[in-house]
Structures are given as structure tokens and as C-alpha cells.
Amino acid sequence: MSDLFSGKSGLYTFLLVLLVMIVSVVIKYFNVVSLKPAAVHAELEEIFISVENVRPMSLMKAEFLMAWGKYRNSDECSGAVSVSRLSSGFEGDVYVVSYADSIEFPGLPTFHCQFSLEQPMGRRN
């Protein structure tokens, strides 16, 4: 039994590699489904705050689009924001940012996910 955990066993090495792989997948999954969308939402919120006092609504939308476009083309934005160029826009008075993300690990099927984040342009409650 002591040989099993001494590092001389192939089973011990396999279990250690499996544990490291599982932890890596969990960390990557948490990043993709939680941290990255939260960062994109924070970026969206930051731009909205800069134009939220502009009235009327049509002018606010125009100012938001200019500020968002300028931010999206800058080096400050995240990768998810920069790839969302073609799949983002207004749906009524709500701006929607959509982007795809995936998790790829050797030996496992690729996990694909589409994210949509919304920013209402109306007054805050």
C-alpha cells in the first residue's frame, strides 16, 4: 500500500494528472461562465454611466454608440468585447452585447457557449 502513494506507482501519477486536469477544467469553466461575463458587463456599465444623463433617448443612444465604439477599438477593452463587434446592437432601448466563448482541453470535447449581456438605456431605479 505504501508503494501506491510513494510516487513509484503509475496509478499515483495517473491520478495526480487527472486531478490537475479536473482542477484546470473547473478553473477555466469558472472563468468562461462567470468572470469574463462579469468583466464585459462592468465595461458596458462603465460606458453607460458616462452617457446616462444625456437626454433625449435618441441622443443618449448615439452618444453611447460613439463611446462604446471608441472603447471597443481601444487597447483597454477585453477580448470578448472586441470580438462582439458584429453581434451587438440595440433591441429597442436595450443594448445587447453577444459573444461566443469556448473551453478547449486535449482529450475532452470542446465546450461552446454563446453569451448575451444587456444594458437598458432607460433611467436607473
Does a side-chain heavy-atom distance below 4.5 Å link [X] with [Y]?
X	Y	result
D101	C113	no
L44	F64	yes
E43	C77	yes
T110	H112	yes
W68	V97	yes
F115	V40	no
I22	L18	yes
S82	Y99	no

Side-chain donor/acceptor of N31 to backbone N/O of I27, under 3.5 Å: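 Not at all, since once roles are kept as given, no pair shorter than 3.5 Å links the two residues.
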Nearest-0.5 Å distance that lies between atom [atom1] in [X] and atom [atom2] in [Y]:
X	Y	atom1	atom2	result
L35	F30	CG	CZ	4.5 Å
I47	R72	CD1	CZ	10.5 Å
M60	L65	CE	CG	12.0 Å
Q119	I49	CD	CD1	8.0 Å
E63	S58	CD	OG	10.5 Å
K28	K36	NZ	NZ	5.5 Å

query: With under 30° as parallel and over 60° as perpendicular, where do the rings of Y95 and F90 fit, or are they tilted in between?
result: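 Taking F90 first and then Y95, their aromatic rings stand perpendicular (interplane angle over 60°).
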hydrophobic_cluster_shared for V94 and V51, side chain cutoff 4.5 Å: no
message: Side-chain heavy atoms nearer than 4.5 Å, only ILVMFWY residues, links allowed to pass through others: does that put V54 and M66 together?
response: no
task: Step by step, work out the side chain to side chain donor-acceptor pair (under 3.5 Å) result for Y71 and E76.
output: CA-CA 7 Å; Y71 176 75; E76 299 172 15; 5.5 Å; no
task: Decide whether S88 and S98 meet the rule of one side-chain donor and one side-chain acceptor closer than 3.5 Å.
output: no
statement: Between G92 and K61 the two heavy atoms that sit nearest each other are O-NZ, 2.9 Å
